[in-house]
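Comments concern the structure below.
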Amino acid sequence: MIELGKGSTIGIFGGGQLGRMLVQAAQKLGFKTHIFDPFDNTSACRIADNQTIAPFEDETAVELFANACDVLTYEFENIPISAIEHASQFTNVYPDKKALQTSHDRLVEKTFLRDKADTPVVDFAAIETMNNLSKFVQEFGAPAILKTRRFGYDGKGQIKVNSPRDVKAGFARLGGTDLIAESFVPFVREFSIIAARGIDGDITCYPLTENVHKDHRLHTSIAPADDKQNISSEAHAITHRILNALNYVGVMGIEFFELAGGRLIVNEIAPRVHNSGHWTQDAGCTDQFEQHIRAISGMKLGDTTPKHAVKMTNLIGDEILQADVLSGKPNTYVHDYDKRDIKPGRKMGHVNEVEGG
Ligand code: AMP
């Protein structure tokens with residue numbers, strides 16, 4: 001594909017904060033933007049050039065949207081595959097259907113990573129019956145983590161099965177079907193790699209980002225993270241294998257567990273810009289949102305070497321009310337998503353604290 005000309009339109013499925021930051025990056029590069037979301041007045045649509053408000057299942061709306069845009073992308077992975085399939089008949093959608101299908105379902109994702117991308121993953125099994133779960137706990141031991149295969153995020157749709165006695169209650173609590181069991185990973189640290197692959201197959205990776213979760217939700221990301229166990233090159237090699245196996249185009253977030261001794265396990269992949277990559281906005285390199293737009297529009301990928309270390313902290317619920325105080329501090333940059341209602345647990349913004357920047 002040839003590089004999109006300035007003034008071309010980038011269409012984005014989803015109008016949340018990731019969509020908003022993609023719009024900002026696209027505008028900086030001289031593109032027009034169009035948001036498709038079932039709801040009006042979203043964080044992204046307020047700054048986009050155009051918007052379509054319709055359900056993702058509305059094929060006519062999807063067709064009109066696709067025809068109005070030069071390339072399409074999405075900001076979250078729970079968009080129905082049918083919408084991507086339909087839109088792809090009229091224009092290019094990146095990342096493509098395969099990436100979305102793979103990450104939609106934890107069982108498909110883990111099987112793909114292990115069998116097609118030579119990636120280390122936890123022991124896992126599909127769970128359809130209580131007997132399946134009992135057998136899994138017998139074979140791999142407790143604790144195990146039982147998860148719904150689809151629509152789980154931020155720790156929702158998962159429980160820890162601490163002993164064989166918990167099997168019955170755990171199975172019942174998650175609804176009993178379309179589940180996956182995983183061994184519990186005694187990790188010493190969680191980290192992620194944000195990477196991009198261009199249409200020409202070129203790959204760039206940002207350095208390791210160390211992630212700390214609070215209440216099952218990402219709280220802080222620190223980059224570049226310490227690499228005491230010398231895992232960086234292995235993590236980057238795994239990342240390359242995953243992106244190439246999917247023939248991926250765009251930015252991807254890959255979440256890892258690091259074990260004592262330096263063994264790595266991939267927990268999950270997100271076929272989109274990722275919360276743990278927000279630090280790139282103030283690190284003095286190409287940020288992940290611009291990198292994604294560059295990748296999907298056929299531009300050369302930008303520089304991913306940070307000039308500064310950054311600590312990113314999410315602002316959840318009424319923490320956003322501290323924005324003015326925080327942004328008055330030196331080397332501190334607040335990104336407010338301009339969401340209309342403050343709700344407990346809702347991601348409202350984030351703050352990047354830059355070391356020496
Ligand atoms: P997930 O929804 O799979 O991203 O899981 C959310 C969080 O739960 C992860 O970031 C980990 O902190 C924890 N977690 C998930 N799976 C496992 C596992 N197999 N072993 C240990 N902790 C896990």
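Every number for a ligand or one of its atoms is a count from 1 in the order of the listing. Residue numbers start at 1 and run along the sequence shown.
Looking at Phe124, Phe257, Phe256, Phe184, it is Phe257 that brings a heavy atom closest to atom 14 (N) of ligand 1.
Residues Tyr74 and Phe36 keep their aromatic ring centres 6.0 Å or farther apart.
Considering both main-chain and side-chain atoms, Ile145 never comes within under 3.5 Å of ligand 1 through any nitrogen or oxygen pair.
Within the 4.0 Å heavy-atom cutoff, His216 does not count among the residues contacting ligand 1. Heavy-atom distances between Ser183 and ligand 1 reach below 4.0 Å in at least one pair.
For residues 74-93, the pairs satisfying salt bridge (charged side-chain N to carboxylate O under 4.0 Å, His left out) are Glu77-Arg272, Glu85-Lys97, with sequence neighbours left out.
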Show me the side-chain donor-acceptor pairs of residues 167-188 shorter than 3.5 Å, one per line, residues at least two apart or across chains.
| from | atom 1 | to | atom 2 | distance (Å) |
| --- | --- | --- | --- | --- |
| Glu182 | OE1 | Lys147 | NZ | 3.1 |
| Glu182 | OE2 | Lys110 | NZ | 2.9 |
| Glu182 | OE2 | Lys147 | NZ | 3.2 |

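Those atoms of ligand 1 with a heavy atom of Arg106 less than 4.0 angstrom away are 1 (P), 2 (O), 3 (O). Heavy-atom contacts of Glu255 reach the following atoms of ligand 1: 4 (O) (cutoff under 4.0 Å).
Contacts between Asn267 and ligand 1 below 4.0 angstrom, taking non-hydrogen atoms only, involve the side chain exclusively.
In this model, a donor atom of one side chain and an acceptor atom of the other lie less than 3.5 Å apart for Asp303 and Thr305.
By the 6.0 Å contact criterion, CZ on Arg263 is open, its count of non-hydrogen atoms from other residues, nucleotides or ligands being 12 or less.
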